[in-house]
Each structure stands twice: as C-alpha cells, then as structure tokens.
Amino acid sequence: MTILSSQVTSVLPVALGHDPTASLCPWVQATRSTADYPSRKAQIAIAILNGTLTPTSDVVDLMYRCDGLCRCQPLPGQPDPTAYTNLIHDARAALVSGGFVSAAEQWATNWREYGNVYGRIELDESWLDRDSPSSAVLYVPGTASLFLDPAAAAANVQLLRRAFGSVTIDPELLDAGYVLRQLGLQTEWEAERDRVRELVARGGYQAVVTTTPREAIGLATALADQAAVVSSLLDSVQPWMTSMRTHLRPPDSRISFALQPTEEMAVERESAIILLEHLAHCSGREIVTLAPEATSPAAIERPILPSTEQLSRRFAETCADELLELHDGENLVVLTVDPFSKRALADQLGARARVVNVAAFLCEHLEGERTDA
Amino acid sequence: MTSTAATTAITELRRALGEEKVSTAPVDLIANGRAVWPVELKQARRAMLGEIEFDIPACVVRPGSTDDVCTVLRIADELRVPVIPYGGGSGIVGGTVPPPGSISLDTKALNHIDVDPVSMIARVGAGCFGIELETALNSQGFTFGHYPQSLYVSTVGGWIATRASGTFSTLHGNIEDRVIGLDVVLPGGKLLSLAPSPRSATGPDLKSCFIGSEGAFGVITAATLELVPTGRPRLHQACVFPTFQQGLDAVQHFIQAGARPAVVRLYDSGETAHKFANFSIPAEGAMLLLIFEGTGTIIERESEVVEEICRGAGGHSAGAGPVDHWWQTRFDTSSLAAGNCGEGGYADAIEVSALWGDLPAVYASMLQVATDHGARAFAHVSHVYQSGACLYVIFAGEAKTDRDAIDAYQAVVDGLLASCLANNGAVSHHHGVGRGKARSLAAQHGPAGMEALTALKQAFDPHNIMNPGVLGLGEMVR
C-alpha cells in the first residue's frame, strides 16, 4: 500500500475527477488539449512529486500553464481550489529544485540583483514621496506593476492617497514576493516571506494594500499571524468609493471589468460589482457589464516563461475574442488592475477597445476631494 | 511501446498535417490515455504512484478540419495502425482506451458552430464542448436542449458516438432524435456526408449506423442539429411517494396518459436519503423531481394533470425546493470521483433500460446483486418513455488494493448486467458499451446480433483499425 501525503490525498478528487468544468479553462480553450484539463495537470503534478514521471520539457511547460484563475472550480461539489493551486505550485517548486526549469535561474538572479523576477526597473522615485509622513496604511505595489506599467502604479498611489489621506511605500518592500511561490522558487519565497513579515511587523501597519488580489492572497498567507489587514487595491478603496459615488462622472463608453478571479473567488469580485453599479447608477443607462467568465486576464507568469509565449498570445486572444463577442461594435473600455492583463488585452484588442488601469480611470472620473478618512 | 507501423504513421502524419498537429509529448499521451472509466481511474491512480506505467497511445493527433481527418484515416488504414477517436474524454465505459501503438485522434479542434435561424438548425463540429454549443446558441436565442451531466466536458461528437441522453430528454428527446445530418470519415479517408433533412424515406437511415457506433466504423467530424428556442417558461415541482414502487406507478401512468415533463427523475429511498438529506422525507420515501417546460398555459395544465395522478398514487407535493437543489448540483460528479480516489475504492453508475412491466424486477435484482458483492447501491429512474424507462444504478465498494478493486468492480458490473439481462433489460441506456460492457452486449444481442454488428464493422472498417474492442468488435484491448 502506498502512503499518500495529506496534500496529495486532498487533490486526488481533482486528479481522478470527471473535470466537470474543464472547458471553462482558458488554457483548454486555447490549446483544445486534454493535457490542459485540471485532472490531467493534477495527475502530472502528483507524478512529479512522487518522482514517477521524468520531467521532460513538455511536462515543465504544462505545469506552468495554470494561472490560478479557478474558472474550473465554480460548480458546487468541486474540490477545494486552493489545494489544486497549491499542488501546481508545489510541482513547480519540485521542477525548479530539480533543475528542470531553465528560466528559473534567471528569475532567481533577477530577484537577487533587482528585487524582482523581471529585470532592471527604472523606478521613478518621485511618486514614492519619501518625505510624506508615515501612514498606518502600507502600499505594496508589486514589481510587475512597476516593471510593466509604472504610470498605472503611480495612479494606484494617487487613488490610495485620495482614499486614505496618506499611504506609506517602503522602498524595501515594493513586492510581496508571492510571484516566487507561483513560479516555484520555493527557497526564495520562504526567505522573502520571512523578510516581509519582519518589515510589516516593524512598521506596525494596520492595513497593507496590494495592487492585485493575487498578491493580496500571497501576502495574507505570509502575514497570517499578524494584525495588519491585507487587501487588494480595489477592495481597500471600496468603502471610500461608495462614499464618493455621487462625485463619479459618468463615462462615455461601455465599461467592462477584466476581473481577476483567484484562488479565493470572493476577492475583488464584490468590489468590482459595486464599482460597476456606481457607474451604472451615475450614468442612468446600461453602460457596464461584469462578465468574469469572459474577461479573465492573461497569465501573470506567461511573459517570463519563453517556451509558452505563443500559447500565451493565444490565451490573451481567447479572452479578447470573448470580450469582443460580448460587446461587438461598441465603444468599449476594459478596466483592469492587473498589469499583465492590461498589456496582453491591449495588444490583442488594439484599436477595438481601450484597456485602462482601474485606478487611473477612477482618478479621472472622481470629481472633488476626499470626503472621509 | 510504439510499433514500427506507428512510428512510420507518425512520420507520415507530421509530413501531411504539420508537426504541431501530431504530438508525442508525454503529457499529451498520458492525458489522452484515459477517460473516466473506473478501471482507467484505478490504473491512473496506480501509475501516478509509480506502481505501473501510464497507458498511452503512440501519438495524439489534433486535426483542424475534416480534410485532416481524411488524411489521418488514409494513413492509418494504409499502415494498419489503430485509431481511437477522442472527444472530451468524459466516457465512463472504456470507450477510448488506447491500444499500444495507436493514434488518439482528438477532435476538440473541430469546434465550429454555424446557426441557420430560418430552419432552426446548427451545423456543429464534433469537437465542440456542450457548453460552448449552448453559449453560442443562447446568444442567438436558441438552445439544443441536450444537457447531460457532462455538459461542460463532453463533446457533440461524443454524444453522437455514444448515443447519449440529456437530462431534459423526456421532452426534447435523445441525441438520435435531434441529429438530422452527419459527416463521417471512413477508414481509408473517404468522407461520407449525410446531408440534413427533416425526414426522408431514402432507404435505411445511414445516420443510425454511426449514432452509437463508438468510433468503431469511422470518425464523426460534424453534425447538423435541430434547435429549440431558448427562454421558454419552466415550472419546478417535486413529489414524495411512500415507496419507490408507488412512484414508478405514478410516472408510468402520467407518461402513458401523454404528459411530457422535460425532466422526470424518481429516486429510490436510498438515493432520496443520500441526495435530499436536508429535506424532511419519510424513511422509505421516494422523491420525484419534475420540470415542465413550454408555454405557460400548457405547462400549468400539464402539471395539474401530473399532480393529480401522483396524488392518486399516494404521493404528496414537496414544492419546488428539491428540484431547485438538484438544478444547482446537476453537474456535480464529485461523489463518483471520490469513490474512486481511495486505495481499493471503486464507484460507478450503470444505466440500463427496461419495459415498465420488467422494471421492478430489474431494479430489485440489480440492487440485490450489488449487495451480494458487498457494494452499496441505490438507484433512480430518469429518461422515461411510454414503454419503459432508464434505471440508473449507482454503486460503490472497497477492495484491498487498486488492483483488486478493478477485479471487484468488473465482477459487480458483470453481475449487475447479467441480472438486468435475466429480467429482459437492455445493458446500456445512454453511456454506451465501450469495453466495459462489451461481454454483456454479446449476451444481449446473441450470436445473430453480433454477426450482424460484425458484418457492419467489416463493411466499414475491413482492416479493423477503428477503436478495436468497443462494442465487442475487433480485438479486445483490456
């Protein structure tokens, strides 16, 4: 009899399940491949962890073709999505530690040298506002934002300052490091987690805000035993936004929201719905739509795993096609918090729609000053 | 193990179709090496844990067009390489088990959908997932009305190849009632295009040769389907009977009186207690779920007639709550999956059909067989007809090891199907035969029936390359 770890036991219902929602996975839609079913990925991940499968390059690529979107998990009776995502991350960690992921060394080097996995970031320090007083709210922008879309990162800070009066940005803590866990850099993730815990504890923050819900989940994991409340940008400003709803200027385009479903489905969704309701209310007409199943963003890891670049483009193309199918011929603005989604969707949609950072959009459409703290 | 013929086939396929459509990557081979037949799940579990190797084909081919499929079958036929058509991989009877050295022909890239709103039909690629079809049709005001539990992972081609049913079959019919045109590629690469027509008297219906053929005669690449307008009013209604038999009497009565609810599901006391634990049901109570669909006046009157018949048979209304509960969980297959996860555990659902006069005996004998084998079992009736109904028996048991579980599972299945046959039932209603029920099919049809099936196989597939082993035709794989 083989003794299974509790971790493997908890995902066997996925690995040996009937994939009742496999076709909702954008990877399955993009590749039309059975290998992209959650069951097959879980099966391969378990085999990797048990050392019963040689990790060839296709095995490595497959393990990086899951973005934790959890579209495969929306039906009742589905196994715990967190267990599945954790399994994939553990399998990636095993692949990296076994030396099977050629890009991993570069990611780790980048992390050591630049504090992020992407490369050198030319940081515009002006928005760090080092002279502003210390705040109980810490903003961790995430190096993906800084690397890909510094203007959006600046807009995020601007929005948070309007909402909270002041926020602290710690140059030593520009990234919560969860991307390390996602990429399988387990050693680096564990070290970074300890460092982040120490920095947050030392700052005595009441609240920590990340750009994306995915980063919020990662940070919440790291800060599980600390008092600071962790939330994503949109969740954190939602109460303030509600108090400011009468100051919202109606947009002149149809608005869709590229929601980023994550391991814990509830994150951000409610705030996105509330935002869209505010927009609908102030417009007095049907201008907004939330179709998360049609607007999931492109993958966060994709642009940095070269072997899957082509598939990554197809993935974004699928998302863009779905959006256009819903809003064909309309003057469409797609809101997103995710810098990778913004870039990937913008590339795919071209002139057919405008993809805008949600904070930039709100800063542009919220008139007047902050009304409460 | 890849045979010389398979190696040559892979080279030729790559030359003809391009590298990207012919994969020998281990992840693809492992993925298409199984569906969800419990025997396959047990084998996959053993392979994950390193006890055995994964069952794999020699390659996975993903044709992007019917022409590509013609090319695959021409090359495979010339080289005598077995071809296993593979859709969504949701089959639970062993219909896609790859023999060593075979080509897994994955149809999922054949996913076009063209709607003709005037004739209310759609021409659909075989690899289109059910939910993709529904989403596309709904946006144009239509539905196919075929909603199997596997809607999100099964394909149109798979439905046709296995002669499938959806949960709304009592009103909308089964797959064979809704397919009016079919494209099939035959071994050798010839395309048989059966043009859509509302009905014809042009000799025997050739479509029938392929609906339920399980890939043994050719590869279905596209179908023309009849559609239904979407958004028709529905009415949910549940009724509890003191016994399963009283429920059966009521269903038989209202169906034979001409009522046609879209959904009719009658659960025995065991499954009622399991599925509706949150509702206050008497110990031996049997739950009947009904969904009526149509124009408001018709379904109101129809539901009144059915309610009256149910009351007369001893039933009492349970409101809409149990139906709403079923509706919310209708795609949930987690119980079956869980039954096959543990070492030595096995679980499955066997669907048979019987005439009303035979149904009570089929039910009693099948549940007795399961008990005799030490398995737990319960059942429900769904997909009802004037002459009889489908009986869906769900069972689970435990053996010491996964290897033992395969034997124990097969013994239970063989026993269940033998008892079904002994009471004049048919061994499959809508899952098909695959390899798992092949022996029982031979007992069902008898020598003359199998000779006829074999002759058909010989006519369409003289070199026995198409999915050998399914329907008991060709060499058995396992």
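Order of the sequence lines sets the chain letters (A, B, ...), proteins ahead of strands, with each chain counted from 1.
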Handout entry: Separation between CD of B:Gln149 and NE2 of A:His18, rounded to the nearest 0.5 Å
Key = 8.5 Å

Problem - Derivation and outcome, side-chain contact (heavy atoms from CB on, under 4.5 Å), residues B:Ile131 and A:Ser23 - result: CA-CA 8 Å; B:Ile131 191 65; A:Ser23 58; 3.0 Å; yes

Handout entry: Residues forming a salt bridge (Lys or Arg N to Asp or Glu O under 4.0 Å) with B:Glu271, sequence neighbours excluded
Key = none

Problem - Results of side-chain contact (heavy atoms from CB on, under 4.5 Å) for B:Thr230 - residues two or more places apart only - result: B:Asn138, B:Thr143

Practice task
Look at B:Val153, B:Asn340, B:Ile92 and state which one has the largest set of heavy-atom pairs under 4.5 Å with chain A.
Solution key: B:Val153

Completion exercise
So, the part of B:Ala338 with a heavy atom under 4.5 Å from chain A: the answer is neither

Fill in the blank from the handout: Of all heavy-atom pairs linking A:Gly17 and B:Ala337, the shortest is CA-CB, 3.7 Å

Problem - Part of B:Glu53 lying under 4.5 Å from any heavy atom of chain A - result: neither

Problem - Toward chain B, the part of A:Ile44 with a non-hydrogen atom under 4.5 Å - result: side chain

Problem - Proximal component of B:Leu29, with respect to chain A [non-hydrogen, under 4.5 Å] - result: neither

Exercise for the section: Would you confirm whether A:Tyr37, through its side chain, and B:Ala31, through its main-chain N or O, come within 3.5 Å as a donor-acceptor pair? Expected result: no

Exercise for the section: Would you mind reporting whether B:Phe129 and A:Val28 have side-chain heavy atoms less than 4.5 Å apart? Expected result: yes

Practice task
Please determine which of A:Leu12, A:Thr52, A:Leu53 meets the side-chain contact (heavy atoms from CB on, under 4.5 Å) test together with B:Met48.
Solution key: A:Leu12

Exercise for the section: State whether the side chain of A:Asp58 and the backbone N or O of B:Val27 hold a donor-acceptor pair below 3.5 Å, judged by distance alone. Expected result: yes

Exercise for the section: Step by step, work out the side chain to side chain donor-acceptor pair (under 3.5 Å) result for B:Arg34 and A:Gln43. Expected result: CA-CA 12 Å; B:Arg34 71 168 177 89; A:Gln43 179 175 295; 2.8 Å; yes

Problem - Member of B:Asn32, B:Asp28, B:Ile30 meeting the side-chain contact (heavy atoms from CB on, under 4.5 Å) criterion with A:Thr34 - result: B:Asn32

Exercise for the section: Evaluate the salt bridge (charged side-chain N to carboxylate O under 4.0 Å, His left out) criterion for residues A:Arg32 and B:Glu20: first the C-alpha distance (whole Å), next the side-chain angles of each, then the deciding distance (0.1 Å), finally the verdict. Expected result: CA-CA 12 Å; A:Arg32 312 299 294 180; B:Glu20 74 285 356; over 6 Å; no

Handout entry: Contacting moiety of A:Ser33, where chain B heavy atoms sit under 4.5 Å
Key = both

Problem - Spacing of B:Arg45 atom CZ and A:Ile46 atom CD1 [to the nearest 0.5 Å] - result: 9.0 Å

